[in-house]
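First listed ligand is number 1; within each ligand, the first listed atom is number 1. Worth saying up front: this structure is predicted, and the values here are computed from it rather than measured.
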Amino acid sequence: MQAKENFSFEYCRETADWLQARTKQRPRIAIICGSGLGLLADSLKNQESFRYTDIPNFPHSTVTGHDGHLIFGELQGKLCVCMKGRFHMYEGYPLWKVTFPIRVFKLLGIEILLVTNAAGALAESFHIGDLMIIRDHINLLGLAGQNPLLGPNEERFGPRFPALSDAYDGKIRALAMEVARDLGYTSFVKEGVYCMVGGPNFESIAEARLLHLLGADAVGMSTAAEVVVARHCGLRVFGVSLITNQVTKEYDTQEHIDHHEVLEVSQRRASTLRMLLTELVGRLEWNSLSNSDPEDNQTAYQNGT
Ligand SMILES: O=P(O)(O)O[C@H]1O[C@H](CO)[C@@H](O)[C@H]1O
Ligand SMILES: Nc1nc2[nH]cnc2c(=O)[nH]1
């Protein structure tokens with residue numbers, strides 16, 4: 001149990017206010033770029049960029065492939081805020097800090113969170129370079145008691161006991177599949193279950209076999225904790241994993257995954273992932289996804305109000 005430090009509403013508010021005092025952009029979509037996947041952030045138009053080290057209360061990126069900038073801008077005419085680099089528990093951050101930006105996003109008016117990550121394949125049918133739309137997750141840390149929502153519940157964000165049975169938005173997943181079909185991506189866009197482990201080591205053979213037996217199709221060291229916090233505060237979530245490696249499940253192999261290989265594949269496939277997400281963002285229709293009207297915020301920004 002965290003004793004002293006934790007999320008507080010005021011702490012998140014301070015960060016959100018700091019950002020809103022420095023940009024007139026009022027996005028409703030937030031995107032988290034996984035390892036080596038920052039290309040998407042670079043393609044935002046009318047960018048306003050903030051270094052994590054300058055943002056009050058924000059953790060700092062320490063991992064190669066996680067640049068450490070929060071970028072506001074437009075994608076397909078829609079205002080977005082993009083984390084070019086995320087935080088992981090293995091960096092030494094408690095999970096409430098790993099997921100701190102999600103609650104800041106909520107206070108910024110974000111309604112939809114798009115998460116990306118690099119992940120290793122456990123399913124035999126997955127290949128390096130595939131994109132896995134996340135249907136569900138196994139939050140291994142959460143099951144073991146390491147949850148970002150530990151501690152007193154902040155009712156202004158959400159309920160004590162949030163449901164997670166519909167964590168990954170069905171409508172957005174269906175739309176993404178439609179986009180994949182239209183782009184001719186169906187041969188390498190799959191759906192599956194992502195498992196979050198703590199890292200930083202990659203899996204032993206026995207661990208890989210266990211995770212596969214548990215129903216995981218891909219494994220990584222992020223995302224599920226972010227999604228727990230996002231769902232707690234009512235954000236709609238879409239997630240996609242880029243399969244950067246096969247997780248070894250056999251003892252007679254000489255293969256050894258390393259982070260350079262993960263980054264090499266991420267960077268090689270980043271433009272494909274960017275295409276899928278750009279097209280998806282372009283097709284997100286607020287009316288069919290939520291009850292509120294995005295025009296309010298878009299107009300406010302365009303008028304400079
Ligand atoms: O999940 P993202 O941030 O994409 O990064 C993945 O890549 C790193 C391992 O190479 C780990 O941090 C793993 O979680
Ligand atoms: N835990 C884990 N994280 C990854 N991130 C990218 N590939 C992997 C992997 O094989 N295992």
Trainee: For Glu203, what residues pass the salt bridge (Lys or Arg N to Asp or Glu O under 4.0 Å) criterion, not counting sequence neighbours?
Mentor: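 For Glu203 there are no salt bridge (Lys or Arg N to Asp or Glu O under 4.0 Å) partners, ignoring immediate neighbours.
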
Trainee: Checking a contact table here: which protein heavy atom is nearest atom 9 (C) of ligand 1, and how many Å away?
Mentor: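 For atom 9 (C) of ligand 1, the nearest protein heavy atom comes out as His259 ND1, 3.5 Å.
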
Trainee: Quick one: are the ring centres of Phe100 and Tyr11 less than 6.0 Å apart?
Mentor: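 Yes: the rings meet the under 6.0 Å criterion.
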
Trainee: Output all residues satisfying ring-ring contact (aromatic ring centres under 6.0 Å, His included) with Tyr168, sequence neighbours left out; order by chain, then residue number.
Mentor: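 His137.
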
Trainee: Heavy-atom cut-off of under 4.0 Å around ligand 2: list whichever protein residues fall inside it, by chain and number.
Mentor: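 Shell around ligand 2 (4.0 Å, heavy atoms): Ala118, Ala119, Gly120, Val197, Phe202, Glu203, Val219, Gly220, Met221, Thr244, Asn245, Val247, Val262.
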
Trainee: Regarding ligand 1, does Ser222 bring an N or O atom to under 3.5 Å of one of the ligand's N or O atoms?
Mentor: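 Yes, at least one N or O pair falls under 3.5 Å.
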
Trainee: Using a 4.0 Å cut-off to any heavy atom of Ser35, which atoms of ligand 1 qualify?
Mentor: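 Result: 2 (P), 3 (O), 4 (O), 5 (O), 6 (C), 7 (O), 8 (C).
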
Trainee: Which atom names give the shortest non-hydrogen contact between Thr244 and Val265, and what distance separates them?
Mentor: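 The answer is O-CG2, 3.5 Å.
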
Trainee: Hey, is ligand 1 close enough to Arg86 that some N/O pair sits below 3.5 Å?
Mentor: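 The answer is yes, given that Arg86 and ligand 1 share an N or O pair closer than 3.5 Å.
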
Trainee: Is any side-chain heavy atom of Ser35 closer than 4.5 Å to one of Leu37?
Mentor: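 No - every pair of side-chain heavy atoms lies 4.5 Å or more apart.
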
Trainee: For Gly34, is at least one N or O under 3.5 Å away from an N or O on ligand 1?
Mentor: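 No: no nitrogen or oxygen of Gly34 is under 3.5 Å from one in ligand 1.
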
Trainee: Could Glu250 and Arg209 be called an ion pair, given the rule that one side-chain N must be under 4.0 Å from one carboxylate O?
Mentor: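 So Glu250 pairs with Arg209 through a salt bridge.
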
Trainee: Of all residues at least two apart in sequence or in a different chain, which pass the ring-ring contact (aromatic ring centres under 6.0 Å, His included) check with Phe202?
Mentor: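 If we apply the ring-ring contact (aromatic ring centres under 6.0 Å, His included) test to Phe202, skipping adjacent residues, there are no hits.
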
Trainee: With heavy-atom distances below 4.0 Å as the criterion, list the atoms of ligand 1 near His66.
Mentor: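 Per the distance check, 3 (O).
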
Trainee: Any nitrogen or oxygen of Met221 lying under 3.5 Å from a nitrogen or oxygen in ligand 1? Just yes or no.
Mentor: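 Among all N and O atoms of Met221, at least one is under 3.5 Å from an N or O of ligand 1.
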
Trainee: Is Tyr90 close to ligand 1, meaning an N/O of one under 3.5 Å from an N/O of the other?
Mentor: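 It does: an N or O of Tyr90 is found under 3.5 Å from an N or O of ligand 1.
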
Trainee: How does Asn117 reach ligand 1, by side chain, by backbone, by both or by neither, if only non-hydrogen atoms under 4.0 Å count?
Mentor: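 Both parts.
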
Trainee: With Leu273 as reference, evaluate Thr278, Thr116, Leu39 under the side-chain contact (heavy atoms from CB on, under 4.5 Å) test and give the passing residue.
Mentor: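 Going through the options one by one, the only one that passes is Thr116.
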
Trainee: Can Arg269 be said to sit on top of Phe188's aromatic six-ring, NZ or CZ under 6.0 Å from centre and within 45° of the ring axis?
Mentor: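 Positive - Arg269 is close enough to the ring of Phe188 and near enough to its axis.
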
Trainee: Does any non-hydrogen side-chain atom of His66 lie less than 4.5 Å from one of His88?
Mentor: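 The answer is yes; the side chains approach within 4.5 Å.
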
Trainee: With respect to Phe157, which candidate in Trp96, Phe105, Phe9 satisfies the ring pair (Phe, Tyr, Trp, His ring centres under 6.0 Å) definition?
Mentor: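 Running ring pair (Phe, Tyr, Trp, His ring centres under 6.0 Å) over Trp96, Phe105, Phe9 with Phe157 returns exactly one hit, Phe9.
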
Trainee: When you measure from atom 3 (O) of ligand 1 to every protein heavy atom, which one gives the shortest distance, and what is it?
Mentor: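 Nearest protein contact, heavy atoms only, for atom 3 (O) of ligand 1 is His88 NE2, 2.7 Å.
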
